[in-house]
Structure formats: structure tokens, C-alpha cells
2 protein chains.
Amino acid sequence: MFNRKEQILDVAEEILQTQSLSSFSYQDLSDRIGISKASIHHHFPSKEELCLALVTRHRSSLTTTLETITQEQTNPIQQLDAYMLHVSQILQSGSKICLTGSLQSEYTLLSKNTQQELSNLCKYVHTWLSRVLAEGKKQKVMAFPGTSEDHASLIQAALQGALQQARSESPKQFNAVIRQIKVLLKGK
Amino acid sequence: MFNRKEQILDVAEEILQTQSLSSFSYQDLSDRIGISKASIHHHFPSKEELCLALVTRHRSSLTTTLETITQEQTNPIQQLDAYMLHVSQILQSGSKICLTGSLQSEYTLLSKNTQQELSNLCKYVHTWLSRVLAEGKKQKVMAFPGTSEDHASLIQAALQGALQQARSESPKQFNAVIRQIKVLLKGK
DNA sequence: GTCTATAGCGGGATAGAC
DNA sequence: GTCTATCCCGCTATAGAC
């Protein structure tokens, strides 16, 4: 048999990116997976544990993604492009938002552990982005004023916000943000 | 007597910016205001109506704010600064996020009317920002590549994302985004 | 406008059989 | 691992008295 735990996390992640932590229930999971609520409780006794597992898995998945990008692309511009493509695929697969954004909106409802794990995840992405930007500047293939860290913060925040804005507006708004991030990095 | 409806909306807005639409209840309102749940239903029969009223009021409030800024500040740079100060005050009054961001995260759960009103609100802010940026460029007090509309989208998305990121990180992350938005507008 | 009381539902979680 | 059955709770919403 395949891994049921992973299947539950897959479905939970999808719902979380479409709705919110408070609004989704074991019943939702039960309906979509086709096993009873009690069976899901067997794998994840509490909602809090499920949520923590979700964030932990997401962090390790994102780590793999970013490491792969770093290995496959040597050019910092292509590395950033690959990451932005990764983010835009979230939008294209339904009008989802990133897991991070969904959970940060309900940050005050998370357990201490989950908050910590979410914080680690964000820090990791920020560090990666900062490094790519610093490398791009050093190689003179990117140009931007200010520090790499600040510019990384801007890009990270903009991508998260853009996914959400795309919901009430059109995906065009999201594409506008991607376009502008790229334009800003071109020297003149 | 003061206006109870407004009081309810005040408290609801505060809770929504701290938690989420799904997680907050008439009981929460009842506890904080000191009247029964049934009394609140008298003013806002359903949660959906309350939510719509909240967005409508927020839109008119924001319209006033932006019009005031436009009248009081003649310099586009100062207009943008005033708006960003307005946003940063959201963060300073507790670790809140903007109403827009909170509701967009649960966009799929909103009624059609509320979705439409939220969309109008976002469009209005985007139009205002675009105009300020275009004016700044025309007066040569701002410099940025690309269109005013795209740069407005970037700033709007970044501010919304930054408020959320500030929760799992520190307010420093938010300040970094503000700083970088300003730096990007300086000609060199 | 506010209250108490309650309906009716769905939530998270558990017990115990298979 | 999965099920049925059930507990207890909190939710939205309504009825009807004051």
C-alpha cells in the first residue's frame, strides 16, 4: 500500500492553500480521501499535530527545491527565475496561495512549535534569496540599490502578497509583480 | 447613545486583523462588547452581512484616508510616505495584518458580494498608488524602471506580504521592505 | 435594543470492535 | 488501519419575553 500519511498531508495542504486552517476539518479530509474521520485521527491524533507535520514537510520539500535549483542553474538570474516559476505554479494549479501566507494569516492560532517551524521556513527562503541576489550583484548580472537582504525581503513579501492579490484581481496582477521584480534587477 | 453598529464593526475588524474570518465568532464579539450574541444578530443578522459591512466600511474609510493624504501632501514622495506610515501603524497596534490580506487568504469562503467589494477596494488602492508613482516620475522626484502600474502592483503586494511576514519574523522584516521600497525610488 | 433559551448543526476527539 | 458510534463542545441563527 502507498503511504497514507503522505496522502493525508497532500490533501490537507491543498485545502489549506485554498481555504484556511480554521475553516478546514477532518470531515473535509474524510470526504476527499474516502476513509473515516477516526482513521485520520489514527494517523494525526490532533489537528495541531497535523498542522505541524504539514509545515515540517513543506520546509523539507522547499529545501530540496531550492537546493536543486542551486545545483542545476549556475546563473543567479536563472536561479531567481526558477524560484519565481515555482511560485507561479502555485497560482496556476487552482487559485491557491502559498502555505506560508495562509498560515501566517492565522499565525496567532498556531501552536508554539508550529510558529517556530514556520519562522524557520521563512528564514530559510530569505537566506537563500539573499545569497542569490548577493551573488548576482557580485557577478554584475544583477543591479539593485540597497542591501541584498532588504531586496530579498521585498521580493519575498511581494511574491506572497501577489498570490493573494491574484485572487480578488486577476492573475494579471501576479504577472505584473513578477515582471516588475525582473525589471528592477536589470542594470541600465 | 453612541452607535452600536459602529462599535461592533470596530471590534470585528480588530479580531479579523488578528485572527481570521473562520476562527472568529459572535461569541468573541459578545465577550468583548458585553452584550449577548442575540443582540449582535439584531444588528447584523448573519456573519456574511457583517463581513460585507466590514469591507464596505473599510473601503470608505480608506478612500477618506487616501483623499486626505492627497490633499495635505503635494509632493508624491510625501504622499507615498504617508501611505506607508498608515500601513505601518497597522503593525504597531498589535501584530495585526491588513483587513484585505486577512480576507483574501479566505477569499474562497466569501460571498460574491463581499468578493466584489474586496476587489473594488484593491483596485482603488492600486489606482491611487499608480497615480502617485506616475506623478512622481513626471515631476522627476521618483525614478523606477517599468510602468507605474506594475510598480504599484509590486508595492501593494509587498506591503501586504510584509505585514504577514512580520508575524513570524520580527517587525524588522517589515521595516526592511519599507526601506527597500524607498531606496528603489531614489534616482542615482 | 437587549435579554434568555434553545434549535440544529458540525467541529475535534475517543472507545472499542473488527 | 479502518470502521461505527458516541461524547461534548461551540458555532450560527431564531423565537419570544421585556
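Order of the sequence lines fixes the chain letters, A, B, ..., with proteins taken first and strands second; residue numbering starts at 1 for each chain. Below, each value reflects all heavy atoms present in this structure, side chains not excepted, and no hydrogens, waters or symmetry copies.
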Q: Provide, to the nearest angstrom, the distance between the CD atom belonging to A/E49 and the P atom belonging to C/dT14.
A: 9 Å
Q | Donor-acceptor side-chain pairing of A/Q7 and A/N3 below 3.5 angstrom | A | no
Q.
Under a 3.5 Å threshold, yes or no: a donor from one side chain and an acceptor from the other, between B/E117 and B/N113?
A. no
Q: Report the distance from atom CD1 of A/I40 to atom C1' of C/dT14, rounded to the nearest whole Å.
A: 15 Å
Q: Under 4.0 Å between any heavy atoms, over every strand shown, what does B/S25 touch: base, sugar-phosphate, or nothing? Just pick one.
A: sugar-phosphate
Q.
Can a side-chain donor-acceptor contact be found between A/T127 and A/K123 if the only test is distance below 3.5 angstrom?
A. no
Q. Counting side-chain heavy atoms from C-beta on, which of C/dC3, D/dC11, D/dA5 comes nearest to A/A38?
A. D/dA5
Q. Taking the side chain of A/H43 as heavy atoms from C-beta outward, which of D/dT4, C/dG12, D/dG1 is closest to it?
A. D/dG1
Q. Regarding A/Q79 and A/E135, is there a side-chain donor-to-acceptor distance under 3.5 Å anywhere?
A. no
Q.
Is it true that B/Q104 and B/Q160 share a donor-acceptor pair across their side chains at a distance under 3.5 Å?
A. yes
Q. Start at the 5' end of DNA chain D and walk down; is the nucleotide closest to A/K37 or to A/H42 reached first?
A. A/H42
Q | Atom-to-atom span, CD1 of A/I33 to C1' of D/dG1 - whole angstrom | A | 13 Å
**Q.** Minimum-distance nucleotide (side-chain atoms of A/S46 versus D/dC11, C/dT14, C/dA13)
**A.** C/dA13
Q) Can you find a side chain N or O atom of B/S36 that sits less than 4.0 Å from OP1 or OP2 on C/dT2? A) no
Q) Does a nitrogen or oxygen in the side chain of A/S39 sit under 4.0 Å from OP1 or OP2 of D/dC3? A) yes
(Q) For a quick check of understanding: with a heavy-atom distance under 4.0 Å over all strands, which category does A/F44 fall into, base, sugar-phosphate or nothing? (A) nothing
Q | Spacing between B/R4 atom CZ and C/dT2 atom C1', to the nearest angstrom | A | 9 Å
Q: Map A/Y26 and B/G34 onto DNA chain C by nearest heavy atom, then report which one ends up closer to the 5' terminus.
A: B/G34
(Q) If I take atom NZ in residue B/K47 and atom P in nucleotide C/dC9, what distance separates them, rounded to the nearest angstrom? (A) 19 Å
Q. Given atom CG of A/L21 and atom P of C/dG11, what is their separation to the nearest angstrom?
A. 14 Å
Q | Nearest-Å distance for atom pair NE2/P, residues A/H41 and C/dG11 | A | 11 Å
**Q.** d(CG, A/L109; P, C/dG12) in whole Å
**A.** 13 Å
